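Every value quoted in this text rests on a predicted model; they were computed, and no experiment measured them. Counting starts at 1 for both ligands and their atoms, following the listed order.
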Amino acid sequence: MRIIPKIAVITAALLPAMLIVSSLPSDLYGFGILSGWLGTGLISASLLLMIREPFWTVWWGGLQCMYQWHHRMGMAGYVLLLAHPLFLASRYLELDLDTAWEFLSPFNSDLLNRIGWIGLIVFMLGLAATFSLRLSYSVWRHLHLLLVVAMLIGLGHIAIAGGFSVSLAVTLLMIGIAVSWRLVHSDYGIGAFPYEVDAVSHPSEHITEVVLRPLGKPLGIAQGQFVNAAFFEGPHFQGCGEFHPYTVSKVTEDGSLSLSIKALGNCTQHIQLLEPGVAVRLQGPYGTFLLDRPLSAEIWIAGGIGITPFLALLRSYPVMQKTDLVYVHREHEQVPYEQELQAYATVQVELQVYSLIMENDPMPLFALLANIDELKQRQIYLCGPPLLIAKVTSWLQVQGVPEQQIHSEQFDFRS
Ligand SMILES: Cc1cc2nc3c(=O)[nH]c(=O)nc-3n(C[C@H](O)[C@H](O)[C@H](O)COP(=O)(O)OP(=O)(O)OC[C@H]3O[C@@H](n4cnc5c(N)ncnc54)[C@H](O)[C@@H]3O)c2cc1C
């Protein structure tokens, strides 16, 4: 089933190029035009992967997979766009090098050339921002939008070069659907589920647990899944109003759910001051991390606040199979939920909980994992910061744990 959305998006990406390919000259110049259309198609279709509709993300096997495709298609499109003027210049290269350079030069006064260069420079700025992980998320996201601006400039370039065409209409349609859906539905939260903060507690200094009560139809969510939540105003609180992803740490039958939110950047630091009565909007559910797990022995590895999906499971029902939970945290931190987890382990014979203090060196974690019996036969679930997940995944692979037994949820993705 997961192949269908991939085929659909690739077809959409190739469509603008397929519609014009028969009219192109069969030389390098013709290939230059084709590479321009292929690049444009790939980048436009990659925007469809910014749409965060739950049915669409499940179809893709999760947001993480969707975003990987979004980035790969965007990069492939960018390389093709870079190749586009070089192949076009081949026609002038037959005359001499100076004429070819004049054609390519950013100082060439031709309008088509100028717009092409402006589009490329804006695209490069957008890409530079994309790879700059030090930027705060909201700055990063605004700079990432430069890529959409670059696309629109690129469409202007195409319209000047070849006039209006069906390929251009298809491209415009894709960009229009993707950008308006993402902005209106996802970012401004039209159609998001209304909730209200019912209770607030602080399991540790930098973590706030908030119980959310539905004000209308509750969102149907399973343990281990996450929501995008935006906090608005309350009696004495004004939230940042942006949608951020949080995994539910408790799901209740009456439709209430809990989120455990760690203070990290501006928005989550302010959330620590949350109070009952604050209006909240939720989008989701998202995530397939702990859904449809095979009934076999498991190891859960949580880095810091990455404990939330496992907490949601343990708060719902006892584990049915042998489960070792390794909860990794930094020495200087107060350890939230440690007593609650140990209490579950005391009454559930299949559950073993290890609380492990660890800084940047992962050796203590590897030593502990190496002592867990039948490591290679276990299903292993990892949740937390990307660096921890990357280190543990490669160590597990070196130990011979098959890739399909390693499942992870990163608490950081950018899109
Ligand atoms: C699938 C998933 C589940 C998560 N579950 C939890 C949870 O249960 N509890 C918890 O405390 N934290 C969770 N997080 C992390 C949480 O989303 C960030 O800590 C929060 O968004 C930070 O926002 P900020 O404005 O305070 O900080 P910023 O300084 O803006 O961001 C800090 C970090 O969070 C990431 N981030 C910020 N906003 C978003 C966003 N809208 N989408 C994706 N990443 C973002 C940024 O890349 C950055 O690295 C989860 C993240 C993901 C991706």
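In this structure, His270 has its ring center at least 6.0 angstrom away from the ring center of Phe231. The six-membered or imidazole ring of Phe87 lies away from that of Tyr29, with a centre-to-centre distance of 6.0 Å or more.
When non-hydrogen atoms are compared, ligand 1 lies under 4.0 Å from the backbone of Phe411 as well as from its side chain. At a heavy-atom cutoff of 4.0 Å, ligand 1 is contacted by the backbone of Ser260 but not by its side chain. For Ile305, every heavy-atom contact with ligand 1 shorter than 4.0 Å involves the side chain, none the backbone. Counting heavy atoms closer than 4.0 Å to ligand 1, residue Asn266 contributes backbone atoms (N, CA, C, O) but none from C-beta onward. Under 4.0 angstrom from ligand 1, there are no non-hydrogen atoms of Glu242.
Between the choices Tyr286, Phe226, Phe289, the shortest heavy-atom distance to atom 1 (C) of ligand 1 belongs to Phe226. In this comparison of Leu264, Thr208, Leu259, Val227, the heavy atom closest to atom 19 (O) of ligand 1 sits on Leu264. Among Pro245, Cys383, Gly306, the residue whose heavy atom lies closest to atom 17 (O) of ligand 1 is Pro245.
For ligand 1, the polar-atom distance check finds an N/O of Thr308 within less than 3.5 Å of one of the ligand's N/O atoms. Considering backbone and side-chain N/O of Glu409, none are found under 3.5 Å from N/O of ligand 1. At under 3.5 Å, a nitrogen or oxygen of Gly265, whether backbone or side chain, sits near a nitrogen or oxygen of ligand 1.
Distances from ligand 1 to the non-hydrogen atoms of Phe243 include at least one value under 4.0 Å.
The backbone N or O of Trp140 sits nowhere less than 3.5 Å from a side-chain atom of His144 that would complete a donor-acceptor pair. Of the possible polar contacts, none joining the Trp60 side chain to the Phe55 backbone as a donor-acceptor pair under 3.5 Å is found. Under the 3.5 Å distance criterion, the side-chain polar atoms of His84 are matched with a main-chain donor or acceptor of Gly32.
Close approach of ligand 1 to Ile261 (heavy-atom distance below 4.0 Å) involves ligand atoms 11 (O).
With 3.5 Å as the limit, one finds no donor-acceptor pair spanning the side chains of Thr323 and Glu350.
Among pairs with a residue in residues 216-230, those fulfilling side-chain hydrogen bond (donor to acceptor under 3.5 Å, both in side chains) read Gln223-Ser316, at least two apart in sequence or across chains.
For Glu275, the salt bridge (charged side-chain N to carboxylate O under 4.0 Å, His left out) test picks out no residue, with sequence neighbours left out.
Classification of the Phe366-Trp395 ring pair by plane angle, with boundaries at 30° and 60°, yields parallel.
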